[in-house]
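Only one structure is covered here, and it is reproduced in the block below.
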Amino acid sequence: MINNFHIYNTLTRKKEPFEALNPPKVGLYACGPTVYGDAHLGHARQAITFDILFRYLQHLGYKVRYVRNITDVGHLENDADEGEDKIQVKARLESLEPMEVVQHYMNRYHMNMDALNVLRPSIEPRASGHIIEQQELIVKIMDAGYAYEVNGSVYFDVNAYNETHPYGQLSGRKVEDLLSNTRALDGQSEKKSGLDFALWKKADPLHIMQWPSKWSDGYPGWHLECSAMSTKYLGEQFDIHGGGIDLLFPHHECEIAQNVAGYGKAAVRYWMHNNMITIGGQKMGRSFGNFITLDQLFEGDHALLEQAYGPMTIRFFILQAHYRSTLDFSNEALKASEKGLIRLLNAVATLDSIKTSDTSSVDVATLEERCSQAMEDDMNTAKLIGLLLGGVNIIHKLAEGKESIAEKELEKLKNIYFSWVYSVLGLEQPEESGKANEITGDLITMILNLRNDAKSSRDFETADRIRKELTNMGITVKDRKDGADWEIN
RNA sequence: GGUCGGUUUGCCGAGUGGCUAGGCGCUGGUCUGCAAAACCAGUUACAGCGGUUCGAAUCCGCUACCGACCUCCA
């Protein structure tokens with residue numbers, strides 16, 4: 001499979017040409033959410049980044065198996081592996097079954113992602129459904145001598161591992177440095193070293209989520225699920241692993257160690273990490289408490305929001321920055337995205353009404369090439385959007401007849417916009433669905449027709465009154481030569 | 001403290017040696033009964049200092065500031 005796609009590989013800190021292990025198939029794994037709260041803007045960025053990768057690889061002709069997990073067990077509340085399971089904490093607070101909490105937030109996550117036009121992955125495995133696989137991996141790691149059991153819990157032995165394999169390769173850390181920065185063991189801990197992490201944790205009797213094992217009734221460690229599930233569905237080696245940059249250490253580092261220890265080799269060819277969304281220069285995250293959920297954005301229901309922002313505006317906003325850059329949230333930036341998106345989508349809608357000529361005065365081939373190059377360069381959606389918006393000018397001139405285009409060239413132009421804007425970037429024309437909306441539309445059209453009659457008979461007083469009242473309702477009237485168009489603000 | 005990254009015009013944000021990024025905003029114009037919308041045109045930058053070079057936002061060094069990770073986090 002020939003392409004010129006280059007990926008920035010976190011492992012090597014370089015852009016590398018993409019070569020699939022088993023073309024035309026590509027195995028892609030991305031770390032999904034822990035479902036104990038509503039998804040926020042940061043989750044949207046992660047999901048959209050790898051949604052673009054999923055779509056783009058398919059656009060290039062690959063057959064992609066995209067696995068994105070749901071973490072519904074195992075993440076602990078604090079360090080030292082002594083905390084409570086996050087899901088369980090939430091369940092107690094809300095007096096719900098843990099699985100009820102999981103289902104609730106998972107449903108909401110799916111609704112949010114659907115709204116953002118994020119494609120569902122090929123497989124969406126849940127940690128709780130792969131306890132057996134995780135236990136099997138623990139056995140392999142123990143057999144290889146890289147894990148030890150203490151009081152029914154099993155820990156990964158980082159020091160033992162580091163003697164034969166460099167631990168910290170992905171995040172650029174050294175064990176010695178890590179050790180000097182790790183809080184001293186208080187003597188109570190079961191772990192041999194502060195760097196060791198839990199593979200299996202014995203549960204106390206009150207712990208609701210627990211499963212039997214040869215070591216104890218307990219639950220799997222936090223990093224284990226991704227190793228076990230990616231191997232199950234993508235094999236011991238696969239092409240791309242993605243996730244938020246905040247998971248780089250320790251999560252992904254531990255994942256590599258688990259794979260090497262258990263299966264004897266590293267699984268991943270390319271590691272990709274999306275950067276964070278910031279707000280006022282600071283990372284937006286659950287632990288900072290400065291996040292805005294997607295529902296709040298869609299509804300405009302948050303103190304920091306001056307208005308509601310549609311899912312496509314959010315998607316466009318995120319795609320206007322490169323995925324490895326931080327992206328700063330602000331109302332001003334969101335509003336700018338909203339307008340830019342409309343400009344782009346309106347132009348695409350205009351393409352069908354362009355008339356062709358015998359010759360072309362516009363250069364479509366160059367645009368086509370530059371768009372491809374932008375995406376080939378580590379998925380630079382920001383550049384791609386810039387190019388597509390630059391072409392909007394040309395589309396307008398073609399529509400007005402100021403430039404000419406041959407039929408074949410027009411087909412090419414349409415293909416550029418339809419495939420990049422709709423298929424790869426996943427942007428959609430806003431839907432006007434529902435009977436109520438239909439009636440509303442018809443009513444407004446009727447009123448505007450009446451106003452047009454008034455204008456024709458030069459009764460501007462009536463015409464202005466109608467327009468003013470519509471404006472007060474939040475409907476913008478746009479007069480054209482033949483009638484009028486309208487828009488709800 | 002350790003490791004890594006960032007600092008681009010009023011705002012967001014591309015850009016790794018010479019070629020207009022782009023969007024928003026702002027100013028002017030076209031259209032229009034007027035207004036809005038739409039469209040067209042114009043608009044400004046590269047944290048500071050020093051160095052390399054014919055030429056630097058882009059490479060190197062120093063300084064300042066900001067952030068991320070080092071504990072769960074997309």
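Every chain is numbered from 1, with letters handed out A, B, ... down the list of sequences.
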Mutual orientation of the aromatic rings belonging to Tyr109(A) and His43(A) [parallel < 30°, tilted 30-60°, perpendicular > 60°]: perpendicular
Pairing nucleotide - U7(B), Watson-Crick or G-U, each distance under 3.5 Å: A64(B)
Touch class at under 4.0 angstrom, heavy-atom based, for Phe249(A) against every strand present: sugar-phosphate
Rounded distance in Å - CG (Asn393(A)) to P (A21(B)): 16 Å
Proximity of Tyr161(A) and Phe156(A) rings by center, below 6.0 Å: yes
Listed nucleotide nearest any side-chain atom of Gln320(A), set A74(B), G15(B), G22(B): G22(B)
Between U53(B) and C60(B) - P atom distance, rounded Å: 16 Å
Euclidean distance for P, C31(B) against U16(B) (whole angstrom): 43 Å
Distance between C1' atoms of U20(B) and C4(B) (Å, rounded): 34 Å
Proximity to the side chain of His40(A) - top-ranked nucleotide from A36(B), G33(B), A74(B): A74(B)
Selection from C73(B), G25(B), A37(B) that lies nearest to any side-chain heavy atom of Lys339(A): G25(B)
Atom C1', compared across A57(B) and C49(B): separation rounded to whole Å: 16 Å
Out of C73(B), A74(B), U20(B), whichever nucleotide has its closest atom nearest the side chain of Gln46(A): A74(B)
Whole-Å C1' distance, G6(B) and C46(B): 14 Å
Under 3.5 Å on both distances, the Watson-Crick or G-U partner of G1(B): C70(B)
P spacing across the pair A21(B) / C26(B), given as an integer number of angstrom: 22 Å
Nearest-angstrom distance, P atom, G10(B) to G5(B): 29 Å
Distance test, side-chain N/O of Arg343(A) to OP1/OP2 of C39(B), below 4.0 Å: yes
Closest listed nucleotide, where the reference is the side chain of Lys383(A) and the choices are A36(B), A74(B), G15(B): G15(B)
Integer angstrom distance from the C1' of G13(B) to that of U8(B): 9 Å
Nearest-neighbour nucleotide for the Leu247(A) side chain, C11(B), C34(B), A74(B) considered: A74(B)
Phosphate-side-chain proximity, His396(A) and C40(B), N/O vs OP1/OP2 below 4.0 Å: yes
